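All of these numbers come straight from a predicted model, not from anything done at the bench. Order of the sequence lines fixes the chain letters, A, B, ..., with proteins taken first and strands second; residue numbering starts at 1 for each chain. What you see below is based on every heavy atom in this structure, not just the backbone, and it leaves out hydrogens, waters and symmetry mates.
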Amino acid sequence: MREVAFSYLKELNDIQRLAVTTLDGPVMVIAGPGSGKTRVLTYRIAHMLNSGINPGNILALTFTNKAAKEMKHRIEHVAGQGANRVWAGTFHSLFARILRTEAHRLGFPNDFTIYDTDDTKSVIEEIIKTMNLDKKVYVAGQVRSRISSAKSNLITPKAYSANEDLMAMDRMNRRPLIYQIYEKYVAKCQKSGAMDFDDLLLQMFKLLYQNPDGVREKYQQQFRYVMVDEFQDTNYLQYEILKMLCYYEGSPRNICIVGDDAQSIYSFRGATIENILQFEHDFKDVKTFKLEQNYRSTSYIVNAANDVIKFNSKQIQKKIWTDKADGPKIKIIKSMSETEEGKRVADTIVEQKNRHNLANKDIAILYRTNGQSRIFEEALRRYNLTYRIYGGLSFYQRKEIKDIIAYMRLTVNEKDDEALKRVINYPRRGIGDSTVDGIMQIANDNDMSMWEVISKIEFNPRARKSIGEFVSLIERFRNYSSSNDAYQTALYIAKHSGIVDLFKAEGTLEAEGRLENITSLLDGIQEFTEDDELLINEEFSADKSMSRFLQSISLMTDADDEKGETDAITLMSVHAAKGLEFKSVFVTGLEENLFPSYQSLSTPEQIDEERRLFYVAITRAETYLTLTFANSRYQFGQMRFNDQSRFLEEISSENIDAISSITREESKPAFGEPKLLGNFKKAIAAPPKVDAANFKPSSLDKIKKGQKVLHLKFGEGEVLAVDERMVATIFFSQATDMKEKRIVLQFAKLQVISE
DNA sequence: GGGGGCTATGGGGGG
DNA sequence: CATAGCCCCC
């Protein structure tokens, strides 16, 4: 039995096995890209379970829902049942889960609302307005990020105002009152029964730190074994929470952190590599394992990654290597414009699919900013290639969805002023801006929630009727929700709020789309109420309430919900691609001011982070890596001309396909007649269109001087000469770069064309 | 005071 | 290219 149970250990290399089997004491795993990190993490948990450790005592923290999901899935595969009782999830979701049972100890309702970035910004905007500050100077988004980073560094409003560095910085930026906004913002959130994303961590810290009723000991006892994935992405606050859980008198200190300093790409939200150094300092007897063998990529890709990362000064010494065969070299595609870049990428995808038999799901197009996706969408549509975009505007960010959800939020939490403001006059019911402003003012002046104001205070006759109707509408929702599940309530809300009728009356194509979105939201809620997978998690088994649903979606991003098993090309930002791998990867928009971003050019540290981002991007590729850039593109509403990215020059030339680096100034768009009219201007040049399905390579002896031949990529050509090494010189009239090519017949596939 | 249409402005990455 | 702010009419 024992041998069967532990057989997975044979699937690991020596270092991996040590990392998996060293369960006691602090462990640090430095894991290069493609080094089997996920495997180590999951097998380690499986090994814990097989060693008799109670799954409920294991806390496994990741950064993304996707990573959490994959981890759970894979543990289950290796360890079977019991795996679902492991506390595996993102920092934010697991802490939210804990806070849902503990928040009352901190002065929050247990079904607190989670504010997303938009809610937060809107609260801050309101504060700026009431303080009579210039919103051009106090930009809500920037104030928000100051507050966010203060929270991430455990700096309270009071500490903020006492911190000379922070205050000097604010004075320099002519925003000396940020500390006051911060103070008011914290008070407002508390008053609204709301936590923002940072609060999910900060309040968790407070809970452990203030230790009401000995909750700290309770969680220290519970989480005997802690694992942290992507440790390089943790911020100070997260590390302090981890220490609270694992670093105290008498602690078994069973903490295992897994990370790669070279892949640290989240410093903008407070992540700091210092945590790795600090960890070694705090946990002095830490055992360190370095996973340096890359099982993912060919040597050209691995070498290129090493080339690039050498340009960063600060790093933990390691050398990633692979024993994989060479494979094709890295290809670079230069285009005149972003449109051409899109076309060339689509072209290359078709070629790769034909030549190497790749499925759509083997292919990913990565970019620095989500805004770049449009150009690739259009190009892929032209070839009828199936694609899926991750990130960008998430489903839950759409207006109609947020509106319905705002009604749900207000139903659950009457103090949620942000939700109230959103729906009090939507659909239009005659409560205009000035009335709403009045309500806000009364609420502020009397320390009440807006709901309290409208439900308890008499209004002028003009607004009274419509406000009264709104109040009774929400009261009906609350009533209904008390005896119905989340799905039924949501259905009731959609119907009686008037939103559905509004779109039905509109009757436009756009309104139809919005209705569809609402329907799929409702489907999602139904799925949530009927999903029995959650039942396995004891603590939340019966909780199908609306507030539980709201909590689960507020932490979800678009990238997390799987849309079936369709075979689609992946389009996503490089950030979103971390942890994933594809046979063929296109890293696009490699231009100065874009990748690296124009906002990161001012300091070497920021450039280094962009470089790590590039490192992450190229190491996603298993076999085919294509790097693309355009000489010109529309940026901020005008045509911009950017140089190629410095990162391209950092890859040594022996890893790059020499032909691909030849300039292609003369190239023309390579598309045929448009299939979808309207979206595209007609292509200028005829493409080398070869019907791949009917392509049959001819035997070599048929290839002779003067023979007309067909080539999958280059189209029709005429053989000019064949030399004794069986290298043919062929003139391809449709070729986009050099028309005369030397083709090695032994490898090339050519079909003769009979006259 | 509320509603609708127009112009001006701003735009990274994500839980 | 989407949203906020502004102006004008009811």
Side-chain angles (χ1 to χ4, degrees), chain A residues 61-68 89-96 114-122 125 129 135-136 139-142 144-145 148 151-152 195-202 230 233-235 237-238 264-271 366-374 390-394 396-399 424-438 459-463 466 551-560 572-578 589 593-601 606 609-610 612-614 616-617 634-638 640:
Chain A
L61 295 161
T62 66
F63 275 81
T64 63
N65 293 312
K66 189 177 237 150
T90 64
F91 276 90
H92 290 87
S93 73
L94 289 184
F95 293 170
I114 298 174
Y115 276 174
D116 65 17
T117 311
D118 289 340
D119 295 319
T120 299
K121 259 171 40 190
S122 145
E125 258 163 33
K129 207 154 116 193
K135 66 174 181 184
K136 293 254 168 68
V139 181
Q142 290 169 16
R144 188 205 71 88
S145 75
S148 170
K151 285 185 173 183
S152 304
M195 296 192 195
D196 64 21
F197 289 134
D198 300 310
D199 280 324
L200 295 176
L201 309 176
L202 184 61
E230 309 279 12
D233 291 337
T234 53
N235 60 34
L237 172 54
Q238 283 163 319
S264 164
I265 55 174
Y266 282 105
S267 74
F268 69 88
R269 61 178 208 219
L366 308 183
Y367 32 76
R368 177 67 180 82
T369 64
N370 285 310
Q372 289 163 255
S373 68
R374 209 196 77 246
Y390 293 82
L393 239 206
S394 131
Y396 296 102
Q397 311 260 66
R398 286 174 197 177
K399 189 188 172 300
I424 187 167
N425 199 33
Y426 184 83
R428 290 257 135 85
R429 47 174 74 87
I431 308 172
D433 289 345
S434 51
T435 305
V436 175
D437 278 347
F459 270 81
N460 62 62
R462 190 167 176 156
S466 37
Q551 186 204 302
S552 75
I553 58 163
S554 53
L555 296 170
M556 207 138 80
T557 53
D558 205 32
D560 299 320
M572 55 168 55
S573 70
V574 180
H575 280 93
K578 185 150 82 147
N593 297 315
L594 183 61
F595 198 172
S597 157
Y598 69 100
Q599 290 181 82
S600 61
L601 298 176
Q606 286 179 311
E609 173 142 327
E610 296 284 313
R612 291 192 294 269
L613 194 58
F614 182 59
V616 168
Y634 275 98
Q635 246 175 326
F636 316 122
Q638 53 175 318
R640 301 282 211 112

_Pair assignment for DNA chain B - dot-bracket with | for other-strand partners, Watson-Crick or G-U under 3.5 Å_ = ||||||||||.....

*For side chain to side chain contact (heavy atoms under 4.5 Å, CB included), just list the numbers for Phe595(A) and Val574(A), CA-CA rounded to whole Å, side-chain angles, deciding distance to a tenth of an Å, and then say yes or no.*
CA-CA 10 Å; Phe595(A) 198 172; Val574(A) 180; 3.9 Å; yes

*asked:* I want to check one thing: is the phosphate of dG15(B), taken as OP1 and OP2, less than 4.0 Å away from some side-chain N or O of Asn235(A)?
replied: no

*Specify the separation, in whole Å, of atom CG of Asp118(A) and atom P of dA2(C).*
16 Å

*Quick one: label Asp198(A) by what it contacts on the DNA or RNA (base, sugar-phosphate, nothing), any heavy atom closer than 4.0 Å.*
base

*asked:* Between Asn425(A) and Arg429(A) (side chain of the first, backbone of the second, donor and acceptor by atom type, cut-off under 3.5 Å), is there such a pair?
replied: yes

*May I have the distance from Phe614(A) (atom CZ) to dG13(B) (atom C1'), rounded to whole angstrom?*
17 Å

_Under a 3.5 Å cutoff, is there a donor and acceptor pairing between the side chains of Gln372(A) and Thr369(A)?_
yes

*Apply side chain to side chain contact (heavy atoms under 4.5 Å, CB included) to the pair Arg144(A) and Asp196(A), showing each step before the final yes or no.*
CA-CA 11 Å; Arg144(A) 188 205 71 88; Asp196(A) 64 21; over 6 Å; no

*asked:* Applying a 4.0 Å non-hydrogen cut-off, can you work out what Arg144(A) is touching in the nucleic acid: base, sugar-phosphate, or nothing?
replied: base

*Name the residue closer to the 5' end of DNA chain B, choosing between Arg269(A) and Ile431(A) according to the nucleotide with the nearest heavy atom.*
Ile431(A)

*What is the nucleic acid contact for Thr435(A), judged by heavy atoms within less than 4.0 Å: base, sugar-phosphate only, or nothing?*
sugar-phosphate

*Return the orientation label for the Phe95(A) and Phe91(A) ring planes: parallel under 30°, perpendicular over 60°, tilted otherwise.*
perpendicular

*Would you indicate which nucleotide in dG13(B), dG1(B), dG15(B) comes nearest to any side-chain atom of Phe197(A)?*
dG15(B)

*Given side chain to side chain contact (heavy atoms under 4.5 Å, CB included), test His575(A) with Leu613(A) step by step and report yes or no.*
CA-CA 7 Å; His575(A) 280 93; Leu613(A) 194 58; 3.6 Å; yes

_Rounding to an integer number of Å, can you tell me how far Gln238(A) CD sits from dG15(B) C1'?_
9 Å

*Sugar-phosphate only, base, or nothing, as touched by Tyr266(A) at under 4.0 Å among non-hydrogen atoms*: sugar-phosphate

*If you take all heavy atoms of Gln606(A) and Ser600(A), which pair is closest and at what distance?*
CB-O, 3.3 Å

*Take the protein atom NE2 of His575(A) and the nucleotide atom P of dG13(B), then report the distance between them rounded to whole Å.*
9 Å

*Do the rings of His92(A) and Phe197(A) sit parallel, tilted or perpendicular, given the 30° and 60° boundaries?*
perpendicular

*Between Phe595(A) (CZ) and dG13(B) (C1'), how many Å, whole number?*
11 Å

*Calculate the interatomic distance between Arg612(A) atom CZ and dG13(B) atom C1'; express it in whole Å.*
14 Å

_Quick check on dG4(B): is either OP1 or OP2 less than 4.0 Å from any side-chain nitrogen or oxygen of Arg428(A)?_
yes

_What is the separation between atom CG on Asp433(A) and atom C1' on dC6(C), rounded to the nearest whole Å?_
12 Å

With 3.5 Å as the limit, what N/O pairs link the protein to nucleotides 5-12 of chain B?
residue, atom, partner, partner atom, Å
dG12(B), N7, Gln599(A), OE1, 3.3
dG12(B), N2, Arg368(A), NH2, 2.2
dG12(B), N2, Glu610(A), OE2, 2.9
dG12(B), N3, Arg368(A), NH2, 3.2

_Lys578(A) to Phe63(A) six-membered ring, cation-pi geometry met (6.0 Å, 45°)_ = no

